[in-house]
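Structure first, then comments.
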Amino acid sequence: MSDYRVASRYAKSLFDLAIELKKLDGIYNDMVLIEKVCEENRALVTTLKNPIIRFDYKLRVLQQIFGKKVNEATSSFFGLICRKNRAQILPDCSRVFVSLYHDYMGIVRSSVTSSVPISDSVRKDFLSIIAKATGKKVELATKIDASLIGGYVLRIGDLQVDDSIKTKLNDLRRELKGRP
């Protein structure tokens with residue numbers, strides 16, 4: 001079975017436990033923290049995936065990194081996945097848990113990439129458009145990519161709207177190359 005499928009099952013179980021313990025928001029914050037740390041720290045992910053490193057060492061590493069910053073249930077989850085030799089699934093578990101939380105709470109993750117920082121009024125416009133289109137609460141991340149030249153790239157879940165100058169120029173170039 002693939003690691004992602006295993007991670008999905010563990011994340012779903014943790015999610016159900018969080019609801020039962022009435023600690024959903026706290027464990028969600030823990031999973032966001034874990035997701036962020038795993039994205040920023042490649043050495044941690046490599047350590048978790050290394051089959052030569054013993055499970056008790058991996059557990060100590062997780063406890064030292066996250067220590068008192070996470071809920072008791074999350075610490076217990078660390079112990080469970082390490083004892084079962086599944087520590088490598090922790091980054092995927094955190095992503096799946098966050099996704100489950102957003103679905104449960106009716107939140108849609110989206111991002112806008114533009115060549116320059118967007119103003120507050122434009123941000124509000126994007127928020128209202130996305131909320132109207134999806135019927136959900138919106139969590140909007142903004143990124144800056146100067147190579148876009150102008151315009152924006154909007155991502156809502158799996159949907160992408162690319163209205164950048166860079167893409168339009170590339171499309172025009174392809175069209176002109178195709179003509180005799």
Consider only side-chain heavy atoms of I, L, V, M, F, W and Y, link residues closer than 4.5 Å, and tell whether [X] and [Y] are in one cluster.
X	Y	value
L100	L33	yes
V32	V138	no
I129	L140	no
I144	V116	no
L127	M105	no

Nearest-0.5 Å distance that lies between atom [atom1] in [X] and atom [atom2] in [Y]:
X	Y	atom1	atom2	answer
S111	Q160	OG	CD	8.5 Å
I118	R123	CD1	CZ	6.0 Å
L17	I27	CG	CD1	6.0 Å
L48	C38	CG	SG	6.5 Å
D3	I89	CG	CD1	7.0 Å
R109	K137	CZ	NZ	15.0 Å

TODO: For A11 and C93, work out which heavy atoms get closest and say how close.
DONE: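 Minimum heavy-atom separation between A11 and C93: CB-O, 3.6 Å.
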Within a 6.0 Å radius of atom [atom1] on [X], are there more than 12 heavy atoms belonging to other residues, nucleotides or ligands?
X	atom1	value
K136	NZ	yes
E72	CD	no
R54	CZ	no

Open item on the list: As a quick check of understanding, evaluate side-chain contact (heavy atoms from CB on, under 4.5 Å) for L154 and I130, giving each step before the final call.
Closed with: CA-CA 10 Å; L154 174 64; I130 297 167; 3.7 Å; yes
Donor-acceptor pair, side chain of [X] and main chain of [Y], under 3.5 angstrom:
X	Y	result
S13	R9	yes
K58	K49	no
N71	G26	yes
S114	P117	no

Taking the side chain as C-beta and beyond, is there a heavy-atom pair between [X] and [Y] under 4.5 Å?
X	Y	result
L148	I165	no
V6	R86	yes
R155	T113	yes
C82	L62	yes
L44	I65	yes
F77	I34	no
V98	E35	yes
V122	Y152	no

- [ ] For the residue pair T167 and D162, confirm or rule out a side-chain donor-acceptor distance under 3.5 Å.
- [x]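 Their side chains do contain a donor-acceptor pair, which is all the 3.5 Å distance test asks for.
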Task: Contacts of type side-chain contact (heavy atoms from CB on, under 4.5 Å), residue R83, not counting sequence neighbours - done: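 Applying side-chain contact (heavy atoms from CB on, under 4.5 Å) to R83 gives F55, L80.
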Task: side-chain contact (heavy atoms from CB on, under 4.5 Å) partners of S121, counting only residues at least two apart - done: S119
TODO: Indicate yes or no: does D16 engage K12 in a salt bridge with an N to O separation below 4.0 Å.
DONE: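 So D16 pairs with K12 through a salt bridge.
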Open item on the list: Regarding D171 and K168, does a basic nitrogen lie under 4.0 Å from an acidic carboxylate oxygen?
Closed with: no
Open item on the list: Between I81 and L90, is the side-chain contact (heavy atoms from CB on, under 4.5 Å) condition met? List the steps.
Closed with: CA-CA 8 Å; I81 63 172; L90 184 61; 3.8 Å; yes
TODO: Start with the C-alpha distance between Y4 and V96, add both sets of side-chain angles, then the distance that settles side-chain contact (heavy atoms from CB on, under 4.5 Å), and finish with yes or no.
DONE: CA-CA 9 Å; Y4 186 79; V96 171; 3.7 Å; yes
Task: Any pair counted as side chain to side chain donor-acceptor pair (under 3.5 Å), so long as it reaches residues 94-106, sequence neighbours left out - done: D25-Y101, Y28-H102, D92-R95, H102-E139
Task: Chi angles and distances behind the side-chain contact (heavy atoms from CB on, under 4.5 Å) call for L59, F78 - done: CA-CA 7 Å; L59 180 59; F78 292 159; 3.9 Å; yes
